[in-house]
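First the structure, in the form of C-alpha cells, and then the observations on it.
Please read these numbers as outputs of a predicted model, since none were measured by experiment. Sequence lines set the chain letters: A, B, ... in the order given, protein chains first and strands last, and positions in each chain run from 1.
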Amino acid sequence: MNIIDHLFKKGKNKLSIYFTAGYPKLNSTKKIIQILQQSKVNLIEIGLPYSDPMADGLIIQKSNKKALKNGMNPDQLFSQLQLIQNEIQVPLILMGYYNQFLKFGEESFLNCCKKSGISGLIFPDLPLEIYKEKYQKLFEKYELYFICLVTSQTPDNRILLLSNISKGFLYVVSSISTTGQNKDFETDPLIFLNRINNLNLSIPTLVGFGIANKNSFNLACQYANGGIIGSAFIQSLDENDLEGSIHRFIASILY
Amino acid sequence: MNIIDHLFKKGKNKLSIYFTAGYPKLNSTKKIIQILQQSKVNLIEIGLPYSDPMADGLIIQKSNKKALKNGMNPDQLFSQLQLIQNEIQVPLILMGYYNQFLKFGEESFLNCCKKSGISGLIFPDLPLEIYKEKYQKLFEKYELYFICLVTSQTPDNRILLLSNISKGFLYVVSSISTTGQNKDFETDPLIFLNRINNLNLSIPTLVGFGIANKNSFNLACQYANGGIIGSAFIQSLDENDLEGSIHRFIASILY
Amino acid sequence: MNSYLDDKNGFYGDFGGTFIPEILWINFKELKDSYESIILDPSFNKKFESLLNNYVGRPTPLFYCNELSKKYKTNIYLKREDLNHTGSHKINNTIGQALFAKQLGKKKIIAETGAGQHGIATATVCSLLSLECIIFMGETDILRQAINVSKMKMLGAKIIPATTGNKTLKDAINEALRYWINHPECYYLIGSVVGPHPYPKIVAYFQSIISKEIKKQLQEKKGITQPNYIITCIGGGSNSIGAFYHFLENASVKLIAVESAGLGIYTNKTAATTIQGSKGVIHGSLTFVMQDKYGQIIDPYSISAGMDYPGIGPMHANLFHTQRVKFFNVTDNDVLQAAYEISQIEGIIPALESAHALAILPKISFKKEDIVVINLSGRGDKDLKNYIRHLNQFLK
Amino acid sequence: MNSYLDDKNGFYGDFGGTFIPEILWINFKELKDSYESIILDPSFNKKFESLLNNYVGRPTPLFYCNELSKKYKTNIYLKREDLNHTGSHKINNTIGQALFAKQLGKKKIIAETGAGQHGIATATVCSLLSLECIIFMGETDILRQAINVSKMKMLGAKIIPATTGNKTLKDAINEALRYWINHPECYYLIGSVVGPHPYPKIVAYFQSIISKEIKKQLQEKKGITQPNYIITCIGGGSNSIGAFYHFLENASVKLIAVESAGLGIYTNKTAATTIQGSKGVIHGSLTFVMQDKYGQIIDPYSISAGMDYPGIGPMHANLFHTQRVKFFNVTDNDVLQAAYEISQIEGIIPALESAHALAILPKISFKKEDIVVINLSGRGDKDLKNYIRHLNQFLK
Ligand SMILES: Cc1ncc(COP(=O)(O)O)c(C=O)c1O
Ligand SMILES: Cc1ncc(COP(=O)(O)O)c(C=O)c1O
C-alpha cells in the first residue's frame with residue numbers, strides 16, 4: 001500500500017508544500033525536505049525544474065531558471081533523494097513536464113523514482129488517454145501513483161473520469177490561474193469547490209494554485225482534505241536562513 | 001541695325017564672356033561689364049540667375065545660387081544696366097530660362113531688355129516652335145535678337161533651320177556636356193565643327209560650352225567666328241580683386 | 001482617345017510642351033517618333049501585362065471597407081496599389097518604361113527619386129531586365145531615407161547624390177537631366193506624369209491600368225460601369241491620372257485630387273501647388289508650379305516625401321483649369337489622423353501620400369448610395385518612422 | 001483527405017497530440033469539436049476566400065524567373081507570397097483563424113510573435129474584424145524589432161513583453177499559453193503549424209491555399225498537374241506545409257524543406273531541428289525539438305528570426321520521419337548570398353526566411369526540363385538592417 005493512502009486515512013487538514021528541486025541552491029533539496037518533515041508538513045511535492053514550464057507562474061518560473069542554472073536535473077535529484085531516503089516518512093510527489101519523463105526514458109524514470117522514495121507523480125501536460133494507453137501499467141508495475149488535476153473548467157463527467165484514474169488524491173486547481181497569481185479565494189472558486197463536494201468523490205482532494213496564507217489554507221481545508229502551497233512557500237525561502245524561514249512560513253500557516 | 005551684326009562684320013576671333021548677374025556680389029554686374037569692355041572682350045553674355053538651371057554645370061549653378069542669395073532678380077538687373085547704358089558699346093546678351101521670361105510677362109521683359117541696352121536673348125529651354133508662334137514678332141518689335149543653340153546632337157537639316165531663325169549669331173555647343181565640364185577639345189567636337197563649316201551657314205557662329213583657356217579658344221576660332229567662355233571665367237573671379245582677376249583672365253586668353 | 005489626354009503637339013489645353021535644351025532635342029524626337037508605335041503595339045502590351053500580372057501581382061484588389069463605409073455613411077472601396085511589388089503604383093510605370101527603353105535599344109537607365117519609392121521601383125525593374133541603373137537622389141533625402149538607399153544598392157543600382165539646391169527631389173530631377181545632357185545614350189525613366197512631353201503621356205498610359213481594373217472590378221462586383229467618386233492624392237500626379245484615366249470622359253464621375261497643405265496653405269510650409277502656384281515651367285513642362293514673382297521655384301514642404309514637389313503634371317494643370325477635377329488639400333495633421341484611422345479599423349497602414357486621399361473623407365458629405373473609390377497608392381512601411389513619432393497622439 | 005495529414009486523434013504518425021494542462025482541456029475540446037464543421041463549411045470558405053482575394057491580394061503570382069532559371073539550368077518559378085498584404089504568407093492563416101474565432105463567438109485574440117510578422121498579420125486581421133488583440137513578444141525581440149512593434153501598436157494591438165527565458169519566440173509562446181490559462185475566454189491564434197492538436201491541422205488547412213494555387217497556375221501556364229520540385233524554408237512549417245499540401249500524395253513531386261544551419265550545424269549556433277533535435281514535446285505537441293538529454297529545450301540560433309525556433313511542426317516531424325520530405329539546411333552566409341543574388345538578378349528582396357529556400361539552389365543538380373517551384377514566403381523589408389550590415393560583402 002502506497003503511503004499516500006496512509007496519509008488520507010487519518011482525516012483532513014493536510015498541508016502539502018511544493019518547491020522546486022535545486023532552488024535556491026543545488027543542494028537545498030535535501031535540507032528543505034528534512035525541515036518540512038520536521039515542521040509537520042503532511043506531503044511534499046518536488047518540482048523538477050524545466051526550461052519551459054508552461055503552466056507555472058512567475059515565481060516558480062524563476063525558481064526553475066535558477067535551479068537549472070544551479071545544475072539540477074533528474075539524475076542529480078534522484079541521487080540526492082537516495083541519500084535521505086531512509087529518514088523520510090512523508091509521501092514525496094514529483095511534479096514535472098511530460099518531455100522530461102519522455103526524454104529520460106519513461107521506464108528508467110519510474111524506476112529511479114521508485115528507488116528514490118517517490119510515491120506519486122504529476123505531469124500537468126500528459127493527457128489522460130496517453131497515460132492510460134502507454135503508462136498506466138508501468139506506473140502500477142513500479143507502484144507509483146499518477147495524480148490528476150481538475151480545474152473549475154473541467155466538466156462534472158470529466159471530473160468523475162479523472163477521479164477514477166487519479167491515485168492517492170485528486171489535485172483540485174482552485175482558481176483559473178497559473179500558480180502564484182496570489183488572488184485570494186473568490187466566490188467563483190467556492191462554487192467550484194462546492195461542485196466537487198457534491199460529486200461525492202471516493203478519492204481525497206487537495207486544493208492548490210492560489211493558497212498563500214493561513215486563511216486560504218483553512219478555507220481549502222473546509223472543502224477538501226487539505227491544501228497545497230507552492231509559490232508563496234518558494235517566495236518565503238531565505239537562502240541564508242533556510243531552516244528559520246521554512247519554520248516561520250509553516251508556522252504562519254498551521255498556528 | 002543690331003550692334004551684334006556690326007561686331008561680326010569685322011572678321012573673326014571674337015571673344016565672348018559669360019557671367020552670372022549678381023555674382024560674386026549683387027553690384028558686381030556693372031563693374032564686371034565695365035572691366036570686360038576695357039579688356040577688349042567683344043561680346044558679353046549676362047546670365048540671369050535661376051533656381052533650377054537645368055542646362056548648367058556646377059560652377060554656374062553655384063554662382064546662380066549665390067547671386068540669388070545676394071538678391072539678384074530681373075528688376076535689379078535691368079536697373080543696374082540702365083545706370084551704365086551710355087558707357088557700354090559691346091553687345092550685351094541676356095541668357096535666362098524660359099520661366100523667368102514667362103513669369104515676368106514676356107512683353108515687359110523684352111521692353112526692359114531694350115531699355116537696358118540688351119541686344120540679344122538666349123533661352124536654352126524655349127522651343128523653336130513656341131518662339132516662332134508666340135514671340136518672334138515681339139522680338140522684332142523690340143529689335144532684340146533671339147539666339148539659337150545647336151549641338152553635335154543636332155542633325156544638319158535642323159542646324160539649317162535653327163541658323164535661319166537665329167539672329168546675330170548661332171551658338172554652337174561644342175561638346176556634349178553641360179557648361180564647365182572642362183574636357184578639352186576632343187576629336188569628336190572637331191568632327192562636329194567641321195560638319196557645321198561644311199554647311200556654309202550664312203550666319204556667324206560662336207563656340208561655347210567647354211572653352212577654358214587660350215588653346216581651346218584658338219581652336220574654336222579656327223572653326224568659328226569666336227568662342228564663348230563661361231565657367232572658367234566665373235571660377236577665375238576674385239571677389240577681392242575683381243579688376244585684377246578679370247584682366248589677368250582675359251590676358252591669359254588673348255595674349 | 002481621351003479628349004483630356006489628347007495632346008496637340010504635346011499640350012493639354014495650355015499646359016505641357018517640351019521645354020528642353022537643344023542637346024536633348026534628338027532624344028525627345030526619338031521618344032516622340034517611337035512611343036506610340038511601341039507602347040500601343042499589342043505584343044508590347046502583352047509583355048507589359050504579363051509582367052504586371054506575374055511579377056507585380058496585378059490586378060490589385062478593389063476592397064470594400066465595411067467599417068470605413070459605416071463611419072462615413074457611404075460605400076468606400078480602396079484600390080489596393082499598396083499590394084504591388086515594391087509597395088506602390090510606381091512600379092506600373094517603371095515596368096512599362098523599362099520595356100520601352102529596351103525596345104529602343106537602351107542599356108542604361110537613369111532616374112530620380114525623392115523618398116525612394118520610384119528609385120526602388122526603377123532599380124527593381126532594371127535588375128529584372130538586366131539594365132544598368134543609376135539613381136539620382138538629393139543628399140538630404142539620402143540621409144533621411146537610408147533604408148531605401150540600401151534597398152536600391154541591394155538591387156544593384158548606383159546612387160548619385162544631388163548636392164545642389166535643397167538637395168531633395170526637385171534637385172535630383174535637375175541632376176538627372178544634367179547627367180542625361182552629358183550622356184544622351186541613357187534612357188531617362190521619369191517617375192511621375194511630369195517632365196517634357198511625351199513623358200506625361202507615356203507615364204499616364206502605363207498607370208492607366210489602375211482605372212482599367214477599377215472599371216472591370218466595379219462591373220464584376222456591382223454590375224455598374226462607373227463610381228460616383230474617385231479620390232486620389234497628387235504629388236506629381238501619376239497615381240491620380242492612373243485612377244482617373246478611363247473615367248475622364250464620364251462627366252458624372254466626380255474626380256478629386258488631394259494635395260498636401262503641409263502645415264497649412266497660408267504658411268510657407270506647403271506643397272499645395274494649385275493654391276500657392278501659378279502657370280510656369282518646371283522640369284521642361286508648362287504647368288502649375290510654386291514660384292515667386294520672378295519665376296524662381298519655391299521649395300515645397302510636406303510631411304510626405306512623395307507629395308513634396310513644387311509642381312503638378314501638365315495634364316492635371318489642365319484638369320484643374322477646366323475644373324474636370326476638383327482639388328482639395330489636407331494638412332500633415334489631417335493625414336496622420338487618417339492614417340491612424342484606417343490602420344485601426346481596416347488593418348491597412350497606408351503610405352503618407354495615400355493617407356492624403358483618405359484624409360478628405362470627413363470633409364465631403366457623401367450620399368448613402370454613393371460608390372466612392374479611393375486610390376490607395378502605396379503602403380506605409382517606408383513612413384513608419386514618421387508614424388511612430390506621433391504614436392501617442394493618435395492611439396485610441 | 002490526405003494520408004500524411006489525416007490525423008488519428010491528433011497524431012501524424014508518432015507525432016502531434018495535445019499535451020496541455022487540464023485547465024485548457026475544455027478550450028481544446030471546443031476547438032476539436034467545432035473546427036471541422038466550421039472551417040470546412042462552404043459559407044465559411046466563401047468568406048475566407050473573399051478576404052484572401054479582396055483584402056490580401058490573392059491569388060499571388062507564380063513567377064517564372066528567367067535569369068535564375070538560366071543560371072541554374074532549369075525552370076524556376078517563385079510562388080510570390082511576399083506580395084500578400086503585410087508581406088508574407090502569415091496572413092493566410094490569421095485571416096482564417098480570426099474568422100474561425102469570430103464564428104466561435106470570441107471577442108479577444110491573443111497571439112505570439114517572434115520577429116513580428118505573425119504579430120502584424122494578427123493585429124491587421126483583428127483591426128479588420130473588430131477584435132481585441134494582445135500580442136506576446138519576447139523582450140529581446142521587442143528591442144530588436146522596434147519598427148514591427150510600432151506597426152502592431154499603430155494597428156491597435158496591445159503588446160505584452162515576455163520577460164522569461166531567452167526573451168524570444170519560444171518564451172512568447174509560453175507567455176501566451178500562460179495568459180490563455182488565466183483567460184480561457186480568449187482565442188489563441190497561433191502563428192505556425194505548431195502547438196497542440198488541432199492547431200497544426202487548422203493552420204495547415206488555411207495555408208493550403210498556396211499549393212491549391214500552385215496547382216491551378218501550373219495547369220494554366222504549362223498544362224501540367226505537378227512540378228518536379230517544391231522547395232520551402234521551414235521555421236515552424238506553415239509556409240512549407242501550405243506549399244506541399246496538395247502534392248503530398250503525389251510521390252513523384254520532390255518536396256524539400258530547408259532549415260537554418262545558423263553558423264553551422266556542428267556549432268551550438270543553429271536552428272537545424274532535424275539534425276540537432278530529437279523526439280520531444282514542445283508547446284503541447286510531440287515532435288522534433290532541440291533539447292538536452294534531460295529534455296530541456298535548447299535555445300536555437302538563426303540570422304533569421306522566423307527560423308529561430310527549436311522545433312518543427314508535428315506534421316513535418318512525420319514527413320521527415322517517413323522521408324516524404326527531404327530536409328536540407330543552409331548557413332547564414334549561404335542565405336545572405338542567395339538574398340543578394342535574387343535581388344540583383346530578379347529585382348526581388350526576399351525575407352531572410354525565404355532566402356533559405358533559395359540558398360539551396362546551388363546544392364541540387366536539377367534537370368534542364370525540371371519544373372522547380374520555390375515558395376517565396378515573404379518580402380525582405382523587415383530584414384533590411386541585416387542586409388545593410390553585409391552590403392559591402394555581397395555587392396557585385
Ligand atoms: C505611395 C505614393 N503615392 C503617391 C505618390 C505621389 O506621386 P504621384 O502623384 O506621381 O502618384 C508617391 C511618390 O513617391 C508615392 O510613393
Ligand atoms: C516570411 C517568413 N517565412 C517563413 C517563416 C517561418 O515560419 P513557417 O515555417 O511557419 O512558415 C516566417 C516566420 O516568421 C516568415 O516571416
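Atom-to-atom distance recorded for C/Leu24:CG and B/Gln153:CD is 8.5 Å, nearest 0.5 angstrom. One distance of note links CG of C/Asp292 with NZ of B/Lys103; it measures 8.0 Å at 0.5 Å rounding. To the nearest 0.5 Å, atom OG of residue B/Ser51 and atom CG of residue C/Asn166 are 11.0 Å apart. Rounding to the nearest 0.5 Å gives a distance of 7.5 Å between OG1 of C/Thr163 and CD of B/Gln61. Note: C/His283 NE2 to B/Asp125 CG = 11.5 Å, rounded to the nearest 0.5 Å. To the nearest 0.5 Å, atoms CH2 (C/Trp25) and CG (B/Leu128) are separated by 9.5 Å.
For chain B, no part of C/Phe28 is nearby; none of its heavy atoms comes within less than 4.5 Å. Residue contact with chain B, scored on non-hydrogen atoms closer than 4.5 Å, involves the side chain of C/Leu286 exclusively. Only the side chain of B/Tyr98 comes within contact range of chain C, with heavy atoms under 4.5 Å apart.
By a heavy-atom distance cut of under 4.5 Å, B/Thr154, B/Pro155, B/Arg158 are the residues of residues 154-161 of chain B near chain C, going up by number. Identified by a heavy-atom distance below 4.5 Å to chain C, contributing residues of residues 18-27 of chain B are lacking entirely. Within residues 294-305 of chain C, the residues having any heavy atom under 4.5 Å from a heavy atom of chain B are, by residue number, C/Tyr294, C/Gly295, C/Gln296, C/Ile297.
Taking the ring pair (Phe, Tyr, Trp, His ring centres under 6.0 Å) definition, one finds that C/Tyr187 meets it with C/Phe100, sequence neighbours left out.
Between the side chains of B/Lys62 and C/Thr164, no donor-acceptor pair is found at a separation under 3.5 Å. Checking C/Gln291 against B/Asn99 by side-chain atom types alone, a donor-acceptor pair falls below 3.5 Å.
Counting only distance, with no hydrogens or angles, the side chain of C/Arg178 and the backbone of B/Asp56 share a donor-acceptor pair below 3.5 Å.
The shortest side-chain heavy-atom distance between B/Met54 and C/Pro21 falls under the 4.5 Å cut-off.
Counting non-hydrogen atoms of neighbouring residues, nucleotides and ligands closer than 6.0 angstrom, the NZ atom of C/Lys32 exceeds 12 such neighbours.
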